[in-house]
Amino acid sequence: MLKLLKGLLPYKWQILLIVSLIGLQASADLMLPYLMSNVVNYGIVNGDLGYILRQGGLMVAIAIGGMASTLTMMYFVSCVSVGFCRDLRQNIFVKVSSLSVHEVDELGTASLITRTTNDITQIQIVLALALRLMVSAPIMIVGAAVMSYRKDASVAAILWVVIPAILVSILAIAFVTMPMFKETQRRLDVVNLVIREKLSGIRVIRVFNKEKDEAARFDRSSHGLAEVSTRANRIMGLMMPLMNLFLNLAIVAVIWFGGQRIASGHLEVGNMMAVIQYFTQLLISLLLLSMVISMVPRAQASAVRIQEILVMQSPLQDPQKPKTLPRHPDVAFENVSLIYGDAQEETLSQVSFTAKSGEITAIIGGTGSGKTTLLNLIPRFFDATGGTVRVGGVDVRDLPQGALREVIGYASQKALLFSGSLKGNLKFGTPGASDDDIEEALRIAQAKDFVSKMPKGIDSHINQGGSNLSGGQKQRLSIARAIIKKPSIYLFDDTFSALDYKTDRVLREGLKEVTRDAAVIIVAQRVSTVQDAHKIIVLEDGRIEDMGTHEELLARCGIYQEIVDSQNQSTQEVE
Amino acid sequence: MGPKRHGQRVDKIKDFRGTLIRLWKYVSPHRLSLFLTVVSAIIGVILMALAPAIMGRATTELFRPVTEGLGISGIDFSYIRNIILILIALQAGAALFGYAQQFIMAKVSQQVVYSLRKDVDEKVSRLPLKFVDAQTHGELISRFTNDIENISNTLQQGVIQVLTSAVTILAVLVIMLAISPLLTLVSILIVPISGFSMKALVQNSQKYFVRQQRIIGNLNGHIEEMFTGHQIVKAFNHEQASIETFEGINEELFAEGWKAQYFSGIVWPVTHVIGNLGFVAVAVLGGALVANGQIAIGNIQAFIQYNRQLANPIAGVAQIANMIQQSVASAERVFELLDEEEIRPDDASPLKIEAPKGEVVFENVAFGYSEGRPLLKDMNLKAAPGQMVAIVGPTGAGKTTLINLLLRFYEINQGRILIDGIDITRLKRQDLRTLFGMVLQDTWLFNGTIRENIAYGKPDATESDIIQSAKAAHAHHFIQSLPKGYDTVLNEEVSNISQGQKQLLTIARALLHSPQVMILDEATSSVDTRTEKQIQSAMKTLMKGRTSFVIAHRLSTIKEADLILVMKDGSVIEQGNHRELLEKRGFYFELHNSI
């Protein structure tokens, strides 16, 4: 929390202004009962109407002055709290953009989004309140206490009883309800989970005729939630009546003790009335303060989550003395190993191979064999923990990330498209691409047909995540997006899996036109996709089991044979 | 790149009264509690409102010696003591009744919300999939949680606040009038002034809030896309452009955000200041009256307190009005869902298939998801008991359509689907669906133990039944190797077992359920070779002796099929067996040769 608040530094002058404006407003509030006691003590007692009016005029002026300072203060409070959060949001976004793919995966997209939005809103709300009340409440509490003391110290001594009583009850209520509200949150999560499962499994539930059981399951969780909420709210409901009770009892006490002081001639009636006002002001301020304080833990939790991101260091730093890339670079792995975080086993170990420019290199292997990890090291989505990845003979860590990725055309397993026009999506990495380039890329990617059938062609709108396209269509577009870049290294990470065999074959055939001078690396599950590659790498448990052409591997590599066999029934017969 | 999905929902209430009346139906079972709340509110508020007037008497008594020029000893302390005792009793009573309201409403609001949730939940099970598929799950879930939560908060806080505010204003005005009509007039002037300024402020801030929400929606959209597509953003060197877009939206948010913050932030201070002005007016005018001897000093003090009692509920009402609007909008969204068209009820006198054989026949079936875009026209097919039907075609050919129709998740537009010669619309849905089993690529497992998941379709299955199905599905081995075996709890995202293992569990589930007709998806992506082999063999076991519809990816399966349906763009374009289709030299031929 405190570290985050350093971000308030640029606003120090505004904050100073806020504090002084609050001071003005507080003194205006405190002046009013004082002037009123004058009205009673001198104006009324002496029957001096002129005095009463003069004091009245003064009071109006002070009240309006107080309002003016409040309105001005609120302007600065809004600007500071909203501005601070704008800066924070910006910092997080920039930070996340710089993080490696691995870290973003680890944090989880959903969590990152919550941190950038909800958590920051949480802080903004508390900050705005805190800026105002954290300053004004103490001023009012101290000011009202001092003024009461000046009016009559012995009556003001009542505060020594009331304030602790209020503090204790606020703390007690908070102490009891805090775990209850946590429990409420937990049960709400359960309710959410049940509904989510219900919606995602709606077909299965209906097939198994489980509607009744599911309803009972939901009912249990919903009932549990209602129960805890009722209990928590019942205790929280004590707060306001209790506070009112304390306030009013305090005032009653003032009248009782004040009355005796008046009887003994130590106190004037006007002053007693003023003390009542001060007590009211003081206790209300206390209440507000407790409200803000009760909000702090939530903001604190948010602050911690935000801070977590801000302190992260991207492991991918650009080199001090960057090197340059040659034309038509090869990709070479030299004894590359990778071990994730505190994992026990290496994900990749001692991987060495070269993918030459102008050749197709394919990587095949089971799930978890490390194919995708291997591919991700080339555009430096993260770094290897051992060995060197070289592009054009240069260690990728000696290249600026921008320049490295400039020459790479990448299409991932999950064909990710963004909301916006289809054209905008295709030009994602190549803003300067011409319509001819786009046309050409769509043709090669076998996407021309369905794109031209869309209502607005390449100007059609794509929903977020490409949800208005089929899996195969998305993959073809993501391939087209990579082609448009005219890169010298192509990376296809299981990009052909959602395509049927026919499209897969035609597409790879067409690709050869544009990849003549490029290094193409294909990760695949299907033998048919890889079998005409110049070099096939068989990966098993992060190690290179063997590499060679289809025929060579078929002749000598057991694992490759096994893979071929399992797909044999569908592939071999037609060949 | 303008995300369209977010922030579009503007909270415009279509039928305020109607929605309230409907909401009342949920509250009305708790009439008695509500009545008690109202009574407590009235008693509590009146007790609270009486206090200043009585307290004022004490002040007057204390002041009496001054006005009457008596010595200080003229104060009647036993009188004051009585007043004090009365005041303590009043305050204690006010607190008690104040708490009673909270206590009762806590229960009422939760009960109301509970029954709302229940209704919505039951509704969901009666919704046609046509509706559910068209919604994002997030949207539906948000009605369950955020919207219903809104209603709950308003019931808990709002009802009490509205009640007490109304009673307070009334009670205070009556007492004030009784004390001094002239001073009341002065105090009342504050009501419209603060009322109007509140209204203006709230409306103004509302405007900025709506804009702010919209921009936040855009911002969320952008963040979501960029974070989800992090890898692609990096691969295409798009970071800078994305940060610039973000900056633009963020600045926009600031420009509207501070105004929203400002106008909502000054509601309270403005009330406060208006209260102060009332205070001054009462003090000055009252002072003059007291000086003339027209009113007692204690009444001035009482008026000062009444002013405060008046100002708070007015500010409260302004904020609560906003809150109520939001929850009425929420209630409307919930009711909208409750009003959605339901699935067609089951046949009144349903038929029953006594000994199912599994013959499936389509007769002149026509179907389309949206009007004017038919997918199936006049489709006929016949699968004899135990036969295998393979569905082939390019990706996205709409294979789920078949499932939707067979299981009657969607209604066909024309024609009939018959099982063992009986039109499926004449069967109870429940009976129809018992005939089917599904093993699809997106496996659905729930947060529970592996045992519960396998026995999902047959809760009375014995332990040995479960183990036997697991063995037949090649799942027994991996389940045994888990530390807790069959008692392993699948976590929320079912990420503690692999994709392939999930598929094996789904097969075990289907085997145990032992339906007459199977629908299978052969696709096993992201599964290693060994698991894939196991899945294949388990699927074979599953198909034995059953009519099966297979979304086929393997040529071997396709060749063995008794009937092949070739689908393209959602429609069945060719059907027949392997040999017939090859002879046709149509799309299948082309497809086949391209493999």
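Throughout, protein chains are lettered first and strands after them, A, B, ... in sequence-line order, and every chain is numbered starting at 1. Bear in mind the structure is a predicted one, so any value in this text is a computation, not a measurement.
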Using heavy-atom distances under 4.5 Å, tell me whether [X] contacts chain B through its side chain, its backbone, both, or neither.
X	result
A:Thr70	side chain
A:Ser100	backbone
A:Phe381	side chain
A:Glu268	neither
A:Leu49	side chain
A:Met36	side chain
A:Thr121	neither

Non-hydrogen atoms of [X] and [Y] that approach each other most closely:
X	Y	value
B:Ala106	A:Asn233	CB-CB, 3.9 Å
A:Ile52	B:Val284	CG2-O, 3.5 Å
A:Gln90	B:Ile243	NE2-CG2, 4.0 Å
B:Tyr99	A:Pro241	N-CG, 3.7 Å
A:Ala215	B:Asp121	CA-OD2, 3.7 Å
B:Leu62	A:Gly259	CD2-CA, 3.4 Å

Inset, instruction - Measure from NZ or CZ of B:Lys118 to the centre of the six-membered ring of A:Phe218 and say whether it is under 6.0 Å with the direction within 45° of the ring axis. - result: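 Pair B:Lys118/A:Phe218 does not count as cation-pi.
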Inset, instruction - Report the C-alpha distance between B:Gln305 and A:Ile276 in whole Å, list the side-chain angles of each, state the deciding distance to 0.1 Å, and finish with yes or no for side chain to side chain contact (heavy atoms under 4.5 Å, CB included). - result: CA-CA 10 Å; B:Gln305 285 177 331; A:Ile276 292 179; 3.8 Å; yes
Which answer fits [X], side chain, backbone, both or neither, if we ask what part of it has an atom under 4.5 Å from a heavy atom of chain A?
X	result
B:Val113	neither
B:Ile266	both
B:Arg126	backbone
B:Ala235	both
B:Phe97	neither
B:Phe254	both

Inset, instruction - Tell me whether the centres of the aromatic rings in A:Phe418 and B:His238 are closer together than 6.0 Å. - result: no
Inset, instruction - Could you give me the CA-CA distance, side-chain angles and deciding distance for B:Leu277 and A:Met59, then say whether side chain to side chain contact (heavy atoms under 4.5 Å, CB included) is met? - result: CA-CA 8 Å; B:Leu277 284 176; A:Met59 284 165 88; over 6 Å; no
Let's test your reading of the structure: which of [options] forms the most heavy-atom pairs below 4.5 Å with chain B?
options	value
A:Cys79, A:Pro379, A:Pro431	A:Cys79
A:Leu242, A:Asp29, A:Asp48	A:Asp29
A:Ile62, A:Ile64, A:Leu99	A:Leu99
A:Val39, A:Val94, A:Asp213, A:Val77	A:Val94
A:Val194, A:Leu491, A:Val506, A:Ile195	A:Ile195

Would you give the length of the straight line joining atom [atom1] of [X] to atom [atom2] of [Y], rounded to the nearest 0.5 angstrom?
X	Y	atom1	atom2	answer
B:Arg117	A:Asp219	CZ	CG	9.5 Å
A:Lys212	B:Gln430	NZ	CD	6.0 Å
B:Phe227	A:Thr116	CZ	OG1	4.0 Å
A:Arg86	B:Trp258	CZ	CH2	12.5 Å
A:Met272	B:Gln301	CE	CD	5.5 Å
A:Ile255	B:Met55	CD1	CE	4.5 Å

Testing the 3.5 Å rule here: is there a donor-acceptor pair between the side chains of [X] and [Y]?
X	Y	result
B:Glu225	A:Ser419	yes
A:Arg405	B:Asn237	no
A:Asn376	B:Gln231	yes

Legend entry - Check: B:Lys234 side chain, A:Arg380 main-chain N or O, donor-acceptor pair, under 3.5 Å: no
Inset, instruction - Check for a donor-acceptor pair, side chain of A:Arg206 on one end and backbone N or O of B:Ser125 on the other, with a separation under 3.5 Å. - result: yes
Inset, instruction - Go through the structure and list residues passing salt bridge (charged side-chain N to carboxylate O under 4.0 Å, His left out) with B:Asp431, not counting sequence neighbours. - result: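 Result, salt bridge (charged side-chain N to carboxylate O under 4.0 Å, His left out) vs B:Asp431: B:Lys352.
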Hey, which of [options] has the most heavy atom pairs under 4.5 Å with chain A?
options	result
B:Met48, B:Glu239, B:His230, B:Gln91	B:His230
B:Glu251, B:Gln101, B:Met105	B:Glu251
B:Asn292, B:Leu90, B:Leu129, B:Val124	B:Leu129
B:Glu122, B:Lys458, B:Arg81, B:Glu149	B:Arg81
B:Ala260, B:Ala288, B:Ser109	B:Ala288

Within-4.5 Å side-chain heavy-atom neighbours: [X] and [Y]:
X	Y	answer
B:Ile304	A:Gln277	yes
B:Ile88	A:Leu249	yes
A:Ser78	B:Lys259	no
A:Leu71	B:Tyr262	yes
A:Arg481	B:Ile232	yes
B:Thr59	A:Met273	yes
B:Val233	A:Phe428	yes
A:Lys198	B:Phe446	no

Inset, instruction - Look at A:Glu227 together with B:Lys107 and state whether they make a salt bridge at an N to O cut-off of under 4.0 Å. - result: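 Not counted as a salt bridge, because no side-chain N and carboxylate O are separated by less than 4.0 Å.
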Inset, instruction - Could you label the plane-to-plane angle of the B:Phe246 and A:Phe93 rings as parallel, tilted or perpendicular, counting under 30° as parallel and over 60° as perpendicular? - result: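 Ring orientation, 0 to 90° scale: parallel.
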Legend entry - Test log, rule side chain to side chain contact (heavy atoms under 4.5 Å, CB included), inputs A:Leu225 and B:Tyr114: CA-CA 9 Å; A:Leu225 173 62; B:Tyr114 167 76; over 6 Å; no
